[in-house]
Amino acid sequence: MGARNVVSWTSLLTGYAQNGLNVETLKLFLRMLVEGIKPNPFTFSAVIGALTDEGMVEAGIQVHTMVIKNGFGVATFASNSLINMYFKSGMIRDARAVFDSMTDRNAVSWNSMVAGLSKCGEMDNAFKIFSVMSDEVRNVVSWTAMISGYLQNGMAEQAVNLFCQMSKEGIKPNDFTYSTILTAQPGVSPFEMHAQAIKRNYVKSPSVGTALLDAYVKRGNVDEASKVFQRIEEKDIVAWSAMICGYAQTGDTEGAVRIFVQMAKEGIKPNEYTFSGIINACAAPTAGVEQGKQLHAWSIKSRFNNALCVSSALLTMYSKRGDIESAFEVFKRQRERDLVSWNSIISGYAQHGYGRKALEVFEEMQRQNLEMDGVTFIGVISACTHTGLANEGQRYFDIMVKDHHIEPRMEHYSCMVDLYGRAGMLVKAMEIIKEMPFPASANVWRTLLAASCIHRNLEMGKLAADKLISLQPQNPASYVLLTNMYASVGNWKERAKVRKLMEEKKVKKVAGYSWIEVKNKTYTFLAGDASHPRSNQIYAKLEELSCQLKGAGYQPDTSYVFQDVDEEHKEAILSQHSERLAIAFGLIGTPPGTPLQIVKNLRVCGDCHTVIKLISILEGRDIVVRDSNRFHHFKGGLCSCGDYW
DNA sequence: GTAGGGTTAG
């Protein structure tokens, strides 16, 4: 065995450090000290790096003292590692002191300062360093670090400017630069960056490809994103996860599942982000409920279920898929929670009509003195709205402004209009609109119009509709609400006028659909639909139900039929609403007692609401209907919305 | 020394 000197120790030690074997690195360092070998600056550099990765700052500071004692206080390599360590621990002044004491700075020293200051939010100071750098040291890394800093601090415009300037000065962007600048959406065009990436041969790179596909997704172009994904040569876990999330974001559950399965086939192990993405995909209204549960089980088996991003995804998935109990179970068991977890469960309870429970969760947040934001209060106020607690809602709005100093946004005013509007206090709702510090959005007017329809206030409805139509002349929902309002009071003349206006403006009504999942398959129904293979049995079931309903004293409320036809025909129209077809199919397609889940793209009508309540008793079934607005849990003749929706 | 996946309302 040859003589071992500091160089042989250090090369082994550096080898460990470069392969992320931090513990081995530190053990070897201790052995060196025990054996009386004096470390050199390279040894220190590797050791400090390992300590930084492990978050062992205290030990790092001790090593810093050793560095100075050994006379390497100004050595470039050791100092660079120290700068990095101090920045990672947020000790900006110490990092700066090391930098200032150096006599021989290289590009890494300068770039570490730029990157460190940027990450700590000190963009002005980062830019000062960046601008005094000489041409020899200011390289592509410096530019990329600055650009990244601006983006991380929400200064996208400066980032884009710097990117342009960089090219002008003849500095060629590298793969890091492209992956960074592509996150500036919608500040840069993915098409343009794509062209540059092709020219410079970066499209096969996983990081550039991933950033590019994500940029296309953010522009709503999943097809292009998918093409980019296919071209990535060695797809890593981040690329796979990004593609899955891409499909999830566009509501394409099947696309997401396809990629997830393909990934599993290729033997790639999912990580927490992959699970979070695929579970989010299963939160889409038409996704299979069973699929989500299976993924929950899989995530537990893979031990990723406690990661915050996974538990958050599970929480929203269960809530959106109508299973608020399981959502709360996930919330209860969460190892760590953030603001989003709390906001999710509050809004979940609100949407399901469990306003009191939403408020209980909020009270708990208050007791624990947790941070809240505007979204928290949107949940809280809408909990009051769906429970009919107008005064409480106003109180929470005031708390938000006075105690939490949260500036109300359009969404909050929209909630307030909804709060008063649904409670029938239309004048108060109008006052909110008048007192808002900015002009009301289309959404606000739509909310007022919907409330006017419920409470049959023609005058207010007409006013809201005029505003709404002037803001969104091509949106069919505006006209449909108005025609429904006229129809509900039997004013066929006005209704015909609106229909004519729609024709003139070439606005088409959106058809009502309902979905139901039976034996892991999703079935779609249109009103009066006869396309289902078991159509005859479905209508027979409806007929049977109709007799039982009449026997139970049910009277159809034909004011919900918005066509001008005779009464008998109206009853027939009501009995063929898409949700009833879906329920009838669910009843004949599943064993007695099985709960049913229906999703509808429009709001459920008042007559269907009454009928579903009765069906829940007659057939002894729990029925969950998610309409375009909220969840209705029908059980034993009652609905969780308390007939208030 | 610089980079790329996620979550909240109506």
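Labels below follow one simple rule: chain letters A, B, ... track the order of the sequence lines, proteins then strands, and each chain is numbered from 1.
Rounded to whole Å, atom P of B/dA9 lies 10 Å from atom NE2 of A/His352. Rounded to an integer number of Å, the gap from A/His386 NE2 to B/dA9 C1' is 9 Å. Rounded to whole Å, the distance from CG on A/Leu151 to C1' on B/dT2 is 12 Å. Computed from coordinates, the A/Lys172 NZ to B/dA3 C1' distance equals 20 Å when rounded to whole Å. Distance, A/Phe304 CZ to B/dT7 P: 18 Å, rounded to whole Å. As a whole-Å value, the separation of A/Lys218 NZ from B/dG6 C1' is 10 Å. Per the geometry, NZ belonging to A/Lys88 stands 6 Å off P belonging to B/dT2, to the nearest Å. When rounded to the nearest whole Å, the span between CG of A/Leu182 and P of B/dG5 equals 10 Å.
Aromatic ring pairs are classed by plane angle as parallel below 30°, tilted from 30° to 60° and perpendicular above 60°; the pair A/Phe275 and A/Phe304 is tilted.
Proximity note for A/Asp236 (side chain, C-beta onward) versus B/dT7, B/dG4, B/dT8: the nearest is B/dG4. Counting only heavy atoms from C-beta on, A/Asn280 has its side chain closest to B/dG6 among B/dT8, B/dA3, B/dG6. Here B/dT8 is the nucleotide among B/dT8, B/dG5, B/dG6 with the atom lying nearest to any side-chain atom of A/Val340. Ranking B/dG6, B/dA3, B/dG4 by closeness to the A/Ala211 side chain, first place goes to B/dG4. Checking B/dT7, B/dA3, B/dG5 against every side-chain atom of A/Gln152, the shortest atom distance belongs to B/dA3. In the set B/dT7, B/dG5, B/dA3, the nucleotide with an atom closest to the side chain of A/Ser148 is B/dA3. Listed candidates were B/dG5, B/dA9, B/dT2. Nearest to the side chain of A/Val238 is B/dG5. Between B/dA3, B/dG4, B/dG6, one nucleotide has an atom nearer to the side chain of A/Pro206 than all others, and that is B/dG4. Residue A/Thr316 places its side chain closer to B/dT8 than to any other of B/dT8, B/dG6, B/dG5. Picking from B/dT7, B/dG5, B/dA9 the nucleotide with the shortest atom distance to the side chain of A/Glu411 gives B/dA9.
A cation-pi arrangement is not found for A/Lys119 relative to A/Phe87, the charged atom failing to lie both closer than 6.0 Å to the ring centre and inside a 45° cone about the ring normal.
Side chains of A/Asn80 and A/Ser109: a donor-acceptor N/O pair is present below 3.5 angstrom, by distance only.
A/Asn80 comes within 4.0 angstrom of no nucleic acid atom, judged by non-hydrogen atoms across all strands. A/Lys235 comes within contact range of no nucleotide atom at all, as no heavy-atom separation falls under 4.0 Å. Among the heavy atoms of the strands lying under 4.0 Å from A/Cys245 are primed sugar atoms or P, OP1, OP2 only; no base atom is included. Heavy atoms of A/Ala107 sit under 4.0 angstrom from at least one base atom. Using a 4.0 Å heavy-atom distance criterion, A/Glu272 is classed as making no nucleic acid contact. As judged by a 4.0 angstrom heavy-atom cut-off over every strand, A/Asn443 is placed among the base-contacting residues. Contacts of A/Thr274 with the nucleic acid, taken as non-hydrogen atoms under 4.0 Å apart, are absent. A/Ala115 comes within 4.0 angstrom of sugar-phosphate atoms only, judged by non-hydrogen atoms across all strands, and of no base.
Not a single donor-acceptor pair under 3.5 Å links the side chain of A/His404 to the backbone N or O of A/Met372.
A search for salt bridge (Lys or Arg N to Asp or Glu O under 4.0 Å) contacts involving A/Lys320 returns nothing, not counting sequence neighbours.
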What do the steps show when you test A/Trp110 against A/Ile129 for side chain to side chain contact (heavy atoms under 4.5 Å, CB included), and what is the final call? CA-CA 7 Å; A/Trp110 289 90; A/Ile129 301 269; 3.6 Å; yes

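The phosphate of B/dT7 (OP1 or OP2) has no side-chain N or O of A/Ser344 nearer than 4.0 angstrom. The side chain of A/Lys119 contributes an N or O atom lying less than 4.0 Å from OP1 or OP2 of B/dA3. A/Gln351 has no side-chain polar atom (N or O) that falls below the 4.0 Å cut-off from OP1 or OP2 of B/dT8. Between B/dG5 and A/Thr210, no contact under 4.0 Å exists linking OP1 or OP2 to a side-chain N or O.
Residue A/Ser207 places a side-chain atom within donor-acceptor reach of the base of B/dA3, judged by atom type and a 3.5 Å distance cut-off alone.
For residues 332-342 of chain A, the set of pairs meeting the salt bridge (Lys or Arg N to Asp or Glu O under 4.0 Å) definition, not counting sequence neighbours, comprises A/Glu329-A/Lys332, A/Glu329-A/Arg333.
For B/dG5, the base adopts the syn conformation, since its glycosidic angle falls within 90 degrees of zero.
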